[in-house]
There are 2 protein chains.
Amino acid sequence: MARQEPSSARTPMHMIISEKLRKQIQNGVYAPGDQLPSEFDLGRTFGVSRTTVRRAIATLTGLGLVTTQQGKGVFVKPQSKISFSLANPLTFFDSELAKQGVTSSLQTLQYELTQPDPEIRARLKLPESEAMIYLQEKLILADEMPIAVDLAYFPEIVGIALKDNVNNGFTYRTLAISGYDIESAEVSLESRPASYNVRDLLDVPLGSPLLVYHYLAWDKEKVPLVYGETISRADRTFYSVGLERSQLGF
Amino acid sequence: MARQEPSSARTPMHMIISEKLRKQIQNGVYAPGDQLPSEFDLGRTFGVSRTTVRRAIATLTGLGLVTTQQGKGVFVKPQSKISFSLANPLTFFDSELAKQGVTSSLQTLQYELTQPDPEIRARLKLPESEAMIYLQEKLILADEMPIAVDLAYFPEIVGIALKDNVNNGFTYRTLAISGYDIESAEVSLESRPASYNVRDLLDVPLGSPLLVYHYLAWDKEKVPLVYGETISRADRTFYSVGLERSQLGF
DNA sequence: TAGTGGTCTAGACCACGGC
DNA sequence: CCGTGGTCTAGACCACTAC
């Protein structure tokens, strides 16, 4: 039942197909928002089974070029990205996004006292193993679409003070209002594939790349005030910052 | 020929299988470096076809948890990441990586005069459309394995001055030696899926996440000295930086 | 030579969207 | 209702690795 050409061409058919479609998308043959031919049609035009076409489409999905919608078809994805500030991505994020022509909003999903993971406890330098923390979970929307989730962990004392201001503005600003002044911070950025938890919140396929911004902030006495992670869709966001001579590493 | 249970369970078999394996990997049932059962065996134990097993394995590959090796098997990937400095990732990168217990080296793939893309020309603010630039392409190795590619674009005058020092140290330091002092810079970070070009250089599967670090540096007169991109394997690297109060956005 | 993953087929049923 | 993508099968051949 299986048939395979004498492998005159070394490159597999699914790759030939995905490359052809990729170039057509890049060259504007299919514009953002356009629908690709159906899997059945593609199979007929390339003379391959539907399985092979699906393999090619899966590649394009992995490259972030198309999305599939059951019952409708395969569509070319728009590509624009939103900029976050690396020095402080989420303070004033609303005005910053407005500058980029994007309407934004915040949604606090939860704010609760809970027991921290050992890892979180270590980062916040909490000595006792029974110490509790406040967890704030927020959803960041741009143009009505969720683009990021923020998880912030506060030591209990800090968290109590924040309680009333939780819905105003954002982390660093909220801290300042409550009388906690940040003196320094350590931030880092990594990329991670989407797992099941965030997949639903951010409406992305499993395994698609996410940007994870970690932040740890201290007061004058080097006491940790907050640790957090902002998890954003890598296909919709990037981080940037300007650096002066004194800040460069030489 | 096709058989499908009455869909008592709503979740597809390939997802059940990938989730089961994912949890086993997370719980250490399969440690880093371990080999998973063969596709044939997994199909037998789960009572599904090999195609379905392969679909599950593809998910795990997308999550960065396993790698497949033709003729050998499926293996659990080790997970450690190397830190780059965000303020200046590639100056002194050797000593920085040594601190992390990693031996590193640099390999200049090419250094040549060429005609820039319109995008590069715009970033370097080159007025004439016939202006040429120097392109430096470098491979960064950690523990003998390629983890990043760096593409640096220099205006012609700058590039000539650099010619003799190209193999010493790295971009910013090389510039300083040649008498070009950087006064300020704008850097940004994004994540992008691996395309065919970098796939071979970095030895990663197509579509796996990459971190892309963009840098644009100017002298005192705000004349661009270099624009570049450092493209690194997201499963092997992250970026971090310390910030003082004055640098925070408030 | 045996065992592994990589590619591919022809056909089935299911779930969803829109007419 | 039909057309779309989502899931799945049983079996084939190829390419690579190891013994």
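Proteins come first, then strands; the chains are lettered A, B, ... in the order of their sequence lines, and each starts at number 1.
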A:Tyr215 and A:Tyr227 aromatic ring geometry - parallel, tilted or perpendicular at 30°/60° bounds: tilted
Ring pair (Phe, Tyr, Trp, His ring centres under 6.0 Å) between B:Tyr239 and B:Tyr213, intermediate numbers included: CA-CA 9 Å; B:Tyr239 284 81; B:Tyr213 175 87; 5.2 Å; yes
Taking N or O atoms only and anything under 3.5 Å, show me the protein contacts with nucleotides 16-19 of chain C, one pair per line.
unit_1: C:dC16; atom_1: O4'; unit_2: A:Gln70; atom_2: OE1; d: 3.2

Axis deviation across the helix from C:dT1-D:dA18 to C:dG18-D:dC1, five-pair ends, to the nearest 10°: 10°
Touch class at under 4.0 angstrom, heavy-atom based, for B:Thr68 against every strand present: sugar-phosphate
Sequence neighbours excluded - salt bridge (Lys or Arg N to Asp or Glu O under 4.0 Å) pairs with any residue from residues 58-78 of chain A: A:Lys77-A:Asp235
Residue pairs involving residues 51-61 of chain B (criterion salt bridge (Lys or Arg N to Asp or Glu O under 4.0 Å); sequence neighbours excluded): B:Glu39-B:Arg54
Phosphate OP1/OP2 of D:dA10 contacted by B:Thr51 side-chain N/O (<4.0 Å): no
Nearest-Å distance for atom pair NE2/P, residues A:His14 and D:dC14: 17 Å
Atom pair distance, as rounded to whole Å: CZ in B:Phe46 and P in D:dT9: 13 Å
Euclidean distance, atom CZ of residue B:Arg54 to atom C1' of D:dA10 [Å, nearest integer]: 15 Å
Side-chain H-bond candidate by donor/acceptor type, B:Gln136 with B:Lys138, under 3.5 Å: yes
d(CZ, B:Arg44; P, C:dT4) in whole Å: 10 Å
Strand-adjacent residues in residues 59-67 of chain B, judged by heavy atoms under 4.0 Å from DNA chain D: none
5′-ward residue of the pair B:Arg50/B:Val53 relative to DNA chain D: B:Val53
Nearest-Å distance for atom pair CG/P, residues B:Leu42 and C:dT4: 11 Å
Between A:Thr237 and A:Ser232: side-chain donor-acceptor atoms closer than 3.5 Å: yes
B:Met13 CE - C:dC14 C1' separation (whole Å): 16 Å
Any A:Ser38 side-chain N or O less than 4.0 Å from OP1/OP2 of D:dT4: yes
Check: B:Val204 main-chain N/O paired with B:Ser208 side-chain donor or acceptor under 3.5 Å: no
Gap between atoms CG and C1', on B:Asp41 and C:dT4 respectively (whole Å): 10 Å
Considering all heavy atoms, the nearest A:Ala142-A:Val102 contact: CB-CG1, 3.5 Å
Derivation and outcome, ring pair (Phe, Tyr, Trp, His ring centres under 6.0 Å), residues A:Tyr134 and A:Tyr111: CA-CA 7 Å; A:Tyr134 275 89; A:Tyr111 191 71; 5.2 Å; yes
Selection from C:dG5, C:dT9, C:dC8 that lies nearest to any side-chain heavy atom of B:Val74: C:dG5
Proximal nucleotide (of C:dT7, D:dG5, C:dG5) relative to the A:Pro12 side chain: C:dT7
Gap between atoms CD1 and P, on B:Ile17 and D:dG6 respectively (whole Å): 19 Å
Sugar-phosphate only, base, or nothing, as touched by B:Arg55 at under 4.0 Å among non-hydrogen atoms: sugar-phosphate
Heavy-atom side-chain proximity of A:Ile231 to A:Leu211 below 4.5 angstrom: no
Pairs involving residues 56-70 of chain B, ordered by first then second residue, that meet salt bridge (Lys or Arg N to Asp or Glu O under 4.0 Å) (sequence neighbours left out): none
B:Arg192 bridged to B:Glu190 by N-O distance under 4.0 Å: yes
Candidates C:dC8, C:dG6, D:dG6 - which lies nearest the side chain of B:Glu39: C:dG6
